[in-house]
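Notes follow the structure.
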Amino acid sequence: MKRFVKTTEMTLLVICVVFFVFLVIASGGDLVGANSLKVLLQFLAVPILIGLAQMVVLAVGQLNLAVGAVGGFAAAAMGVMMADHGVPVPLALLFGFLLAAAAGLANGLLVVLTRINGFIVTLATMTVLLGVQYRLVGTRTVDAYPAGLKSFGSHALFGVLPLIFLVALAVAGLLALMLRRTVPGRQLLASGGNPIAARLSGISNDRSVILAHTLSGAILGVAAILTVASSPGVNKSIGGDWLLPSFAAPIIGGALLTGGSAVVLGTVLAAFIVRFVDTARAEFSLEPSWVNFVVGAVVLGSVVLGQVRTRRQLRRTVVKAPDAAVAGGVS
Amino acid sequence: MSAPVSETATAALQEPDQPPSSSRGGRTPWWANQRIGLLILVVLLAVLFGLLRPAFFNQQLVVFPLLRDIAMFTVVGLAQLCVLSIGHMNLAVGRMAAFSMMITGISYDLWHFSLYAGLLVGLIAGAAIGALAGWVIARTGVNSFVVTLALDFLLLGLIPLVYTALTDNAAFVTKPDGMREMRNYSLADICIGNVCGSPAVPQLALFAVIAMGVVGWIYSRTKLGRELLMTGTSVKAAELSGIPTARRVITAHAMSGCLAALAGFMLAVSTGSIKATIGEEFMLPSFLGPILGGTLLAGGFISVWGTLLGTALTSVIRKGLDLLGVGLESLNIYLGLILLVALSTDRIRTVLSERQEVRQR
Amino acid sequence: ATGCSTKSSNDSTGGTAGDDASTGSTGGPVTLKDGSSVKLALIPGGAHPYFQPWKATAELDKTEFKLGDVTFDETGEWDQSKQNNVVTSLAARGFNAFGIFGVSPTDINTTFEDLKSKGFAVGSLASCPAGDTNSADFCLSTDVEAAAYKAAKATIEAIGGEGTIVHLTGNNVDSNTQRRIAGVKKAVGETGGKVTELPVVTDIDKDLQTAQRSVADLLAAKGKDIKGIVTTAYNPAVAAADGVAGSKLPIKVVAIDDDAKILSGIRSGGVSATVAQNPVGQAYVGGWLLALLGSKQCTMKTPGVIVDSGSFVVTKDNVDTYDDERKAKTKELQTEFASQLSCQ
Amino acid sequence: MTLFVAEKVDKLFPGVRALDGVTLSLEAGSVHALLGENGAGKSTLIKVITGLYRPDGGRLLLDGAEVTFGSPHESASAGIGVVHQERNLIPGFTVGENILLQKLPTSRGLVDRAAIRSEASRWLAELELDIDPDQPVTELSVAQAQLVEIAKALSVESRVLLLDEPTASITPNEADRLFRVVDKLKNDGRSVLFVSHKLEEVFQICDTVTVLRDGASVLESGALSELTRDQVVDLMVGRVHEALSLPPRSVDRSVAPLLELSGVGTATGHADVDLAVRPGEIVGLYGLVGAGRSELAKALLGLDRITAGTVRVRGVEVRIKNVRDALRNHKIGYVTENRKEEGVFLEQSVSRNIAVTIWDRLRKLLGYVPAKAESALVAQYVEQLGIRIASPAQLAGTLSGGNQQKVSLAKWLAAQTEILIIDEPTVGIDVRTKDAFHTLIWDLAANGLAILLITSDLPEMITLADRVVVMRDHRVQGEVSNDHDYDRMSQQVIRLIHAEKVIA
Ligand SMILES: Nc1ncnc2c1ncn2[C@@H]1O[C@H](COP(=O)(O)OP(=O)(O)OP(=O)(O)O)[C@@H](O)[C@H]1O
Ligand SMILES: Nc1ncnc2c1ncn2[C@@H]1O[C@H](COP(=O)(O)OP(=O)(O)OP(=O)(O)O)[C@@H](O)[C@H]1O
Ligand SMILES: O[C@@H]1[C@@H](O)[C@@H](O)CO[C@H]1O
Ligand SMILES: [Mg+2]
Ligand SMILES: [Mg+2]
C-alpha cells in the first residue's frame, strides 16, 4: 500500500478523480445522470481492451501494430458469418475470438521463428489482415445479426453499468491476476524485464513472446466481440482508430517500452482519462482541434508529473540507503 | 599536459601473445550483409515485375513517379532515423512536416517568398519544432514516444486552426515560380553541353540524394554523428564520457524535424499544394524504411543506405502490384505477405552465414 | 434497434447501372462512333460505398460503348500521393481516359494537368477541384453545397421548422466539408432565427466507432436540446441513425447517400430523410463523355465546365420512386453535355 | 567420487577460439578453483556447462553418463546451480521471487506468495542476510544484489554449484559468510566450482584447481595444497610473473593542490568533506561499500548537486556543471566503477569507445573527424594498454571484463586529463593485469597527474595511495598517511572506520 501511494497509478487516479469532478460540475450535475454515466462507460470497454492488448506485448518488450487489424478483421469475420452465412451467434463469436487469438499466435510465432523485428512482423500482418477485412466486408456495413446480440451490447445493469464495460473490467482483472499470480504470467514479465536473466533462470523467452502475442490477440478477440455487439454494424473502418490509443493508454499508464512492466490498472485509468476528454468535447462543443490540443497537454502534463514524482522518490531512497548497506560492514 | 604511459606500465600490460588479428575477424560474408540482401531483393522483384509487365520499365509513367516516391519516403525515413539513432522515436514526423509546410505556405501566400526562400523557412521551422520536442524530452526525461505523441496531438489541433483562419480551402495554393517545374523536371532537363541526364530520374530526387549525403556524412564522418550514436547506445555512459547528451537529444530531434520538413516540401511539390493534411501518411513508412534497412529501434546503429533500400523495397512491391492491376481486395494481402517472405529470406541468409563462419574455423 | 436487413450494398443501392442505360438512347444524344481505342479508368478516392455503383456502371460503359477496356481502381486509399501513383500506373498499362474523384481538391488540378499534358481525356467525377479552375475536361459532380443545403432544409422540415439542429460531418480541412458546412448554414440562416445550429461536429467520418462514440456523447450532453441532426458524411450518418434510435429521443435524423444501411433506416423510420446523389449518372455520363473525348471524336467547347450531377431528397414517401427522378436527371445531363461538345 | 566432468570442450565465437579442448572435473565434497586471466575462457566454460552455449566439441559427463544441456533449464533440472559473472536479476520483481524464479511455488494454480516469502527467507538466512524478501530488487545495493543471486543459486539445491566471481563486488565480511555456506555444502558432499581473481580467497577455501590459459587448460585438477601462489600465477600468465615492484615516487607537498574540497556537502547527503589532491599524488578514498565515495565523485563532476562548501581546481573556486565541463575546462576525468552501464558502450566498437573523449580535439571544419587520426590514436592506446582485441571494430561488449576495464581507462588517458578520479579500477581483473594497472596508475602519478583513487580493495589501496582518506556514512572519518606496510596500515584504516563518529 505504501508503495502504491507513490506510483503512476496513484497520479492517474488523482487526475481521473479531479477530471471527473470537474466534468460533473461543468455539466451542472448532468454527468452523474444514469444515461450520461452509461454512455461514458459504454465507450470505455473497447479502449480498455485495446490498451491491455498492447500492454501485454509491451510487457515482453515487443509491440503490436496490428491491434486494429486483428480486431477489425475478427469483427468483420463475425459479422459476415452471422449476417451472410447464418452462423449461430455463440458459434460465430467463438470462432471470431479464436481467429483473433490465432492471429496473435501467428504474430508471436513469426517473431520467434523468423527473428524479424516485431515491429515489421506486426506491420506486415496488419497489412494482410486489413486486406482480409476488406475482402470480407468490402464497403458494406454489415448489421444483419440477431437482435439478442445487440441488446447485450447496449444493456446496462441498473441502467448505469453497461455489460460490455463489465466484460472489459473482467478481462482486465483476469489479466492482472494472470500477470501477477500465475507462473506463465510471471515468466512473461521476467522475459520482458531482463531477457538474459530470464533465460538463465530456465525461462523460454520465445515462449513468453508467443504467449504475449497470443494473449494480445485473444484480448482483441474480446474487443471485437464487444464491438460487434455494440456497434450499429461492422464495416471496414472498424479498428481503424485503435493503434494510437492502444499505445497511449499503457504508456500513460506507466508501461515501459523496454518491457517488464504490468500496468493493468494504469492502462485502465489512462483509458478513463482519454474518455473524459471525449466527454468534455461533447460537453463544451469543442472543436476537435481544441480537443487534440487538450489531449496533448494532458498526456504531457500527467507524465511529467509522474516523472517529477519518481525522481524525487529516487533521491529520497538514495539518501536513506546507507544504513542498510553499512549494516553488513566489516566486523 | 598529456598522460603518457611509461614503458614499464606498457610492458606490464602487454599480452604475452596477441591473438592473430584475423583479417576476417568477426566479419560476416558479403552475401549475409543486410543491405546487400535488400538490394538483391529489390532488384529481383523489379526484374520479376518487369517480366510480368514490361510497362514496369516505362520511364515516364512508372520509373519517374516511383523514384519520386522512393526519394520522398527515404527522406521521411531519414527523419525517423535521426531520432532512432539515439534510441528515441518521433511519432510526430508527419505533423512536423505539416507544421513546417504551413509556415512555408504562409511565406508564399502572405509574404510572397521565392520557392527556395520558402523551403528554407520551412526547414528552419521544422528544425525548431523538432528542437522543441527534444528540449522537452531532455528537460523532463519523459519518454520520447509520449512527448512526440503529445506534440502530434498539439499540432493536430493547431494546424487546422491556422489553416481555417488563413485560407478558404484549407490549403495554400499560391505556387511560387519554379514549383511546377520542380515537380515535373527530370535529369533530362539538366544538361552539360549536350549530355543530358536520364528522363526517368526526377529532379526532386536530388533532395533525397543531398539529404542522404548530409545525414550519411554526419553519422560516419563527424563528431556530432558519433556522439549521437554513443548517446543512443548508452545515455549514462555518454554523459559520463563528457558528451552533452541533453544537447544531442535536442539536435537529433531538430534534425528529424528539419528532414520531416524537407519531406513535406517534396510531397507538397509533387502533389501540388500545401495543405493541412501533409504528412498524414508518413508515420509507418518513416519506421519501415530505416528498420527494414537495419537501423536499430534501440539506438546506436543506423544505416542510410539501408533506409533507401528498405523504402525502395516497399515502394517497388506496391508499384508492381499496381501495375499487375491487383485490386484492393488482394492488394494489402499480397503486400504484407511479400514483405514477410522477403524478410524471412534475410533471416535464412543470416543463419547460413553464421553456420558457415563456424565451419570455416 | 434499427433495421437488421442489410444485404450487399451493390444490389440495393439506389439505381443500378442498367437502369440508366435504358434512360437514354444507346449512346445518348451524341452517338459514339468507335470506342475501341478508348481504355477507360474510373478512379475513386478510396474504398467507399458511394463509389460502388461506378464499378458496375463501368462494365456497362464498356459493353454499351464498345470500349477497348475499363477498370475501376480504388487502391488510392484516400491518399493523394497513392492515387497519383495509381493514375500513372494505369496510364502505363494503356488506359487513356480517366474519370477521377480527387482525394485532395486543392491538389487534383495538378494531377489533371499532368494527364492532359500527356494527351489523355480526363473528367473530374463526384467532386470538383477547389478554387475557380478545373483543369480536367469537365467536372461532373454533386454540388455539395446545394446537397447539404437540401439536407438541412429536409431536417428543418422534419423538425417542424423550429428548434436546434446539429451538423455532423467529415474531415474539417477538406474543401468539400467547408462547402457542406456553408450549405447547412445557409439553410439555417434562411429560417430567420427559428432554427439554431449547435457548433458543427467535424472529423468523425474516419471510422464507425469514432462516429458512434461522438454521437453518443453528443446525445448524452445535449440530447435534450437537439431536435434534428443533419449528417453529410457516411459513418456519422450510420452512427446518428443508430444512436438516436437507441436513445429513444425524439430527434430527426437526415442522412447522406443511399447505401443499403441508410435506405433501410428510412423505411423503418429511424432516418427521416437522406440526400441521395447520382453516382451511377456520374459514371455513366462521365464514361460516355470520356469515350467521346478519348476517341478524339469530340472536344469540349469550354474545357473545364462544371455540371451538377444532381442530389435528391429521399423520404419514406419516395424511397421506392426517387430513382426515377435520378434517372431523369441522368438523361438531362447527357443532353446538357451534348450542347457543350463540338464533334466531328 | 567424481560428480561432473567436462571433457575436451571446444567453443568458437566468430573470430575467437574461447575454449580449446578444456577438461574440468569436479569431485563430490570438494571445492574446485577455476583460474585464469581475463578472457581465458572461465565464464565461457561455465556457460557451456549450464547449457547456455552449445559446445563445438567435447562432452559433458554427469555421474559418469554423458549429458547434453539444451538450455539452462535442463542443466538446473540435472542439479547444476550457477551464479553468473553478470548480474541477472529481474528488475520489477521482489527479492523473494528472484530467488525462487526457477521454480516458483504455487498453490491451486496461483503463485504462492507466502511460500515464496518463507522459502526465500530461508535462503537469505543461510547467507545471514537481513533483506526483506518482499523488497523490490531495484532497491538493493550492488553487493546485496550479488548476495541475492547467490541465494538464488543455493535455492536450486544443486549437487554441483558453479560460482563465477561471486566475491567481486561484496565486502570481505560478506564473502566470509558465503564461504561458510560453501563449507557447509562441501561437507554435505556437494561439489562447488569457484572462480575468482582474489587468490587469497582461492587458497582459503579451495581444494583443487584448474588453470586456463587462452582457452586451454594448462593445469587440470591440481591440489592447491601443493602449489604456491606464485606457481599458480605463473601458470595463468604462462611465464614467470615478476612480483610488482614500483619505483620510488615522491610528492612535492609544497605544491598547491590541483583539486581541493573544503566543507563540501551534497544533495545525496555528504557533509563537511575536506579533501585535497596535489599533482603527482595518489589520494586513496577508502570506505565500506556504500560509504558514499562514488557519489562524492559524481557530485564533483556535476552529476549531483553540491549544496555546501567549496570546490577549488588549481586554486580557483569552480562550479562544475557536468562531465563535459569537467573534462574540457578543468581537465578532470572519471573512470567509473560501473563498467557495464557507465564505463563502456557495450554495443559500440572498441575504437569508438576509446575515441569518445578525443573527438573534440580531432575535429576539423564542420565537426569532421579524420578516420586516420582517430584510428592512429586508438591503436596507440590499444597497444600501450595491451587491450586484447580481434580488430578495433570489435564490439566492446564481446571483450572480457578486464579488457573492458582497460578500454574504460584508455578513453580517459586519451583525453589527456590532469586530474583523474579512478573508481574501483580492478574489480574482476586478473592478477597480472591488476599489477599492470597498479604500475600504470603509479606511473600516471609519477608523470604529474593528480589521482583520486576510490577502491574497496585494501591491499590495492595500501600498494598505491600516498594518503588514505577514510569515509563512512558520507563523511570523512579521518586520514592516514600511507607507508605501504600492509599489516600496520590495514589496522589503522579499519580502526578509523569503526571509530566513533568524528565530532564536526
Ligand atoms: N558472446 C561472445 N561473442 C564473442 N566472443 C566472446 C563471447 N563471449 C566471450 N567471448 C570471448 O571469449 C573469450 C573468453 O571469454 P570469457 O568471458 O570466458 O573469459 P573469462 O575467463 O571469464 O574472463 P574474465 O576473468 O574477464 O571474466 C574472450 O576472448 C571473449 O572476448
Ligand atoms: N547499484 C546500487 N543500487 C542501489 N543503491 C546503491 C547502488 N550503488 C550504491 N548505492 C547506494 O548509494 C549509496 C552510496 O553509494 P556509493 O556508490 O557512493 O558508495 P561507495 O562508497 O562508492 O561504495 P561502492 O561504490 O563500493 O558501492 C549507498 O548507500 C549505496 O547503498
Ligand atoms: O457524399 C460523399 C461524396 O460526395 C464523396 O465525398 C464520397 O463520400 C460521400 O459520402
Ligand atoms: Mg568471466
Ligand atoms: Mg563506489
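Chain identifiers are assigned alphabetically (A, B, ...) following the order of the sequence lines, protein sequences preceding nucleic acid strands; residue numbering begins at 1 within each chain.
Contact of Ser231(A) with chain C is made through backbone and side chain together, with heavy-atom distances under 4.5 Å. Within the 4.5 angstrom heavy-atom criterion, only backbone atoms of Lys206(C) (N, CA, C, O) approach chain A. Contacts between Ile204(C) and chain A at a heavy-atom distance below 4.5 Å involve the side chain alone, from C-beta outward. Contacts between Leu208(C) and chain A at a heavy-atom distance below 4.5 Å involve backbone atoms as well as side-chain atoms.
Within the 3.5 Å criterion, the main-chain N or O of Val254(C) finds a donor-acceptor partner in the side chain of Thr231(C).
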Assess whether side-chain hydrogen bond (donor to acceptor under 3.5 Å, both in side chains) is satisfied between Thr196(C) and Thr164(C), documenting all intermediate values. CA-CA 5 Å; Thr196(C) 52; Thr164(C) 304; 3.2 Å; yes

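The candidate from Gly223(C), Ala239(C), Ala221(C), Gly243(C) with the greatest count of non-hydrogen atom pairs under 4.5 Å with chain A is Ala221(C). Interface check for chain C: of the options Thr227(A), Leu37(A), Val46(A), the most heavy-atom pairs under 4.5 Å are formed by Thr227(A).
Applying the side-chain hydrogen bond (donor to acceptor under 3.5 Å, both in side chains) definition to pairs two or more places apart or across chains, none involves residues 26-45 of chain A.
Results of the side-chain contact (heavy atoms from CB on, under 4.5 Å) test with Trp242(A) over Leu49(A), Val70(A), Ile50(A) single out Ile50(A) as the only residue that passes.
Listed by chain and residue number, Phe19(A), Phe20(A) satisfy the ring pair (Phe, Tyr, Trp, His ring centres under 6.0 Å) test with Phe276(A) (two or more places apart in sequence, or in another chain).
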